[in-house]
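Here's the structure we're looking at; comments come further down.
Position 1 is the first residue of the sequence; numbering continues from there. These figures come from a predicted structure and were not determined experimentally.
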Amino acid sequence: MSERKVLNKYYPPDFDPSKIPKLKLPKDRQYVVRLMAPFNMRCKTCGEYIYKGKKFNARKETVQNELYMGLPIFRFYIKCTRCLAEITFKTDPENTDYAMEHGATRNFQAEKLLEEEEKKIVQEREEEELNNPMKVLENRTKDSKMEMEVLENLQELKELNQRQAQVDFEGMIGRYRELEKREREKEKEEDERETKEMLDRALVKRLRDSDSDSEKEESSSSSSSQPKKAITDKPTDVLTTDSPREAQGTSSGGVKRAKMESWERSVGTLGKGGALGSLVVRKKPAAAVSKPSAVVTASASSSQTDSKTSSVESNNVPKPVNTQNGSSSLSLLGAYSDSDSNESE
């Protein structure tokens, strides 16, 4: 099977191209092509606007008996999108553009018409100068006068603008540069001041830290060298805290006296013949049993004297204890028990 998209075809050796019949097509035949509108136009029938770039399925034909430098001119047929009226235009190779024929009017043609008029005027002037040298001289003098007038008018406009505006651009640029320079210097000074303040704050902080460290060291050394005074909120705290011996003296008697004072403040006084001393009765020898009354009277008298001394000493105590009656009864009970034991023996 042969290839479908092959470029080289097979020609047999007995192939004769002159024997191939030629088709006779008319010269004014038309082709259907796809194109875009080359310019803005407006339909004459319905007034619809057709903008440049709109696509159409157009019919194309070659214009008969019209050539430009051997180049053929083509005509295109399109239909209006609203009323389906036929619109035709053809190529214009002379102006590298398209020319409108009928069915619509071209929009925005004022510039093109002005250019055509200028071209016509220039062409007529060249034709006149070609045959008349005096006309050439007249045209040159007119052109020079026109140039002088234009320059004078331009100078007058410049002077008028300077009087009205009076703007010194060089001065403005110079002032702007000076302002920028001042701003840069100001920013630099502010940066330097900020850095200096930061360094000062860091130095002050460092000095404060060193001072606090030295103060801590001094306070620790002073606390180690000087003993602290004992604070006794309660009377019994004296027993648990070590009181300085320097305040009480270096002798052993001073220490004992301080201990006694602290004990008396916390517990009470311990007299030689106190209230509790009457509870203890010494054992009497056998010879003294025969005189119980004397013992009883002696113990009573001693108990009275002891009660008196105890009452005097207990005045310093916040809650005095009255033990006169109790002590006498206890002494009698002790004497009675002692007498019983002696009799039993």
Side-chain angles (χ1 to χ4, degrees), residues 5 7 20-154 156-157 161:
K5 291 185 177 180
L7 298 176
I20 297 173
K22 293 182 179 180
L23 294 174
K24 293 182 178 179
L25 299 174
K27 293 183 179 181
D28 56 348
R29 67 191 183 97
Q30 295 180 351
Y31 302 93
V32 177
V33 295
R34 182 80 170 171
L35 58 80
M36 291 187 292
F39 44 78
N40 298 326
M41 62 185 80
R42 185 181 182 185
C43 181
K44 289 182 179 179
T45 306
C46 62
E48 179 71 13
Y49 286 97
I50 299 171
Y51 297 98
K52 181 180 180 180
K54 190 173 181 62
K55 293 182 179 180
F56 292 95
N57 292 325
R59 291 179 288 113
K60 172 189 169 184
E61 68 176 8
T62 306
V63 180
Q64 299 295 325
N65 302 324
E66 284 191 23
L67 294 172
Y68 177 75
M69 294 185 178
L71 297 175
I73 296 173
F74 300 102
R75 182 181 287 112
F76 300 94
Y77 298 89
I78 62 173
K79 290 184 178 181
C80 178
T81 55
R82 186 176 180 182
C83 62
L84 299 178
E86 193 173 58
I87 300 170
T88 61
F89 55 90
K90 59 182 181 179
T91 58
D92 187 7
E94 183 178 359
N95 299 317
T96 62
D97 198 2
Y98 291 87
M100 193 74 207
E101 277 195 328
H102 74 276
T105 56
R106 184 172 178 174
N107 298 333
F108 311 110
Q109 262 189 323
E111 187 177 357
K112 185 178 180 182
L113 294 174
L114 182 62
E115 289 177 356
E116 291 178 355
E117 291 293 331
E118 288 179 355
K119 287 180 180 179
K120 287 180 180 179
I121 291 168
V122 170
Q123 189 175 1
E124 289 176 359
R125 182 176 176 178
E126 289 177 355
E127 291 177 357
E128 289 179 355
E129 291 177 355
L130 185 61
N131 299 323
N132 192 358
M134 293 298 294
K135 193 71 175 177
V136 175
L137 183 60
E138 288 177 1
N139 292 334
R140 285 179 182 176
T141 54
K142 286 181 182 179
D143 292 339
S144 62
K145 285 181 181 180
M146 287 290 294
E147 288 178 1
M148 292 295 291
E149 289 177 358
V150 169
L151 291 174
E152 288 176 359
N153 293 331
L154 182 60
E156 288 178 359
L157 290 173
N161 290 333

Quiz item: Can you name the residues that form a side chain to side chain donor-acceptor pair (under 3.5 Å) with E115, not counting sequence neighbours?
Solution: none
Exercise. Apply side chain to side chain contact (heavy atoms under 4.5 Å, CB included) to E129 and list each qualifying residue two or more places apart in sequence or on a separate chain.
Key: R125, V136, N139
Quiz prompt | All side chain to side chain donor-acceptor pair (under 3.5 Å) counterparts of N57, not counting sequence neighbours | solution = R34
Self-check item: Separation of K44 NZ from H102 NE2 (nearest 0.5 Å)
Solution: 9.0 Å
Quiz item: Does any non-hydrogen side-chain atom of K55 lie less than 4.5 Å from one of M36?
Solution: yes
Quiz item: Excluding sequence neighbours, so at least two apart, what forms salt bridge (Lys or Arg N to Asp or Glu O under 4.0 Å) with D92?
Solution: none
Quiz item: For R140, what residues pass the salt bridge (Lys or Arg N to Asp or Glu O under 4.0 Å) criterion, not counting sequence neighbours?
Solution: none
Self-check item: Residue pairs passing the ring-ring contact (aromatic ring centres under 6.0 Å, His included) test where at least one lies in residues 59-81, sequence neighbours excluded
Solution: F76-F89
Self-check item: Residue list, salt bridge (Lys or Arg N to Asp or Glu O under 4.0 Å) with E48, at least two apart or on another chain
Solution: R82
Quiz item: Side chains of T105 and M100: closer than 4.5 Å at any heavy-atom pair?
Solution: no
Exercise. Output the distance between atom CZ (R59) and atom CZ (R75), rounded to the nearest 0.5 Å.
Key: 11.0 Å
Exercise. Report the residues that fulfil side chain to side chain contact (heavy atoms under 4.5 Å, CB included) with K54, sequence neighbours left out, ordered by chain and then residue number.
Key: I50, F56, T81
Quiz item: Taking atom CE of M134 and atom CD of E138, what is their separation to the nearest 0.5 Å?
Solution: 6.0 Å
Self-check item: Taking every non-hydrogen atom, the tightest pair across Y98 and T91
Solution: CE2-CG2, 3.8 Å
Quiz item: Which pair of non-hydrogen atoms, one from I78 and one from L35, has the smallest distance, and what is that distance?
Solution: CG2-CD1, 4.4 Å
Exercise. Kindly write out the residues that satisfy side chain to side chain donor-acceptor pair (under 3.5 Å) with K90, not counting sequence neighbours, or none if the list is empty.
Key: E66
Quiz item: N131: what forms a side chain to side chain contact (heavy atoms under 4.5 Å, CB included) with it, not counting sequence neighbours?
Solution: none
Self-check item: Atom pair CD/NZ of E117 and K119 - distance to nearest 0.5 Å
Solution: 12.0 Å
Exercise. Not counting sequence neighbours, which residues clear salt bridge (Lys or Arg N to Asp or Glu O under 4.0 Å) with E94? List them please.
Key: none
Quiz item: Atom OG1 of T45 and atom CD1 of I87: how far apart are they, to the nearest 0.5 Å?
Solution: 7.5 Å
Practice problem: State the NZ-CE distance between K145 and M148, to the nearest 0.5 angstrom. | Solution: 11.5 Å
Practice problem: Name all residues meeting the side chain to side chain contact (heavy atoms under 4.5 Å, CB included) criterion together with P26; count only those two or more places apart in sequence or in a different chain, and write none if there are none. | Solution: D28, R29
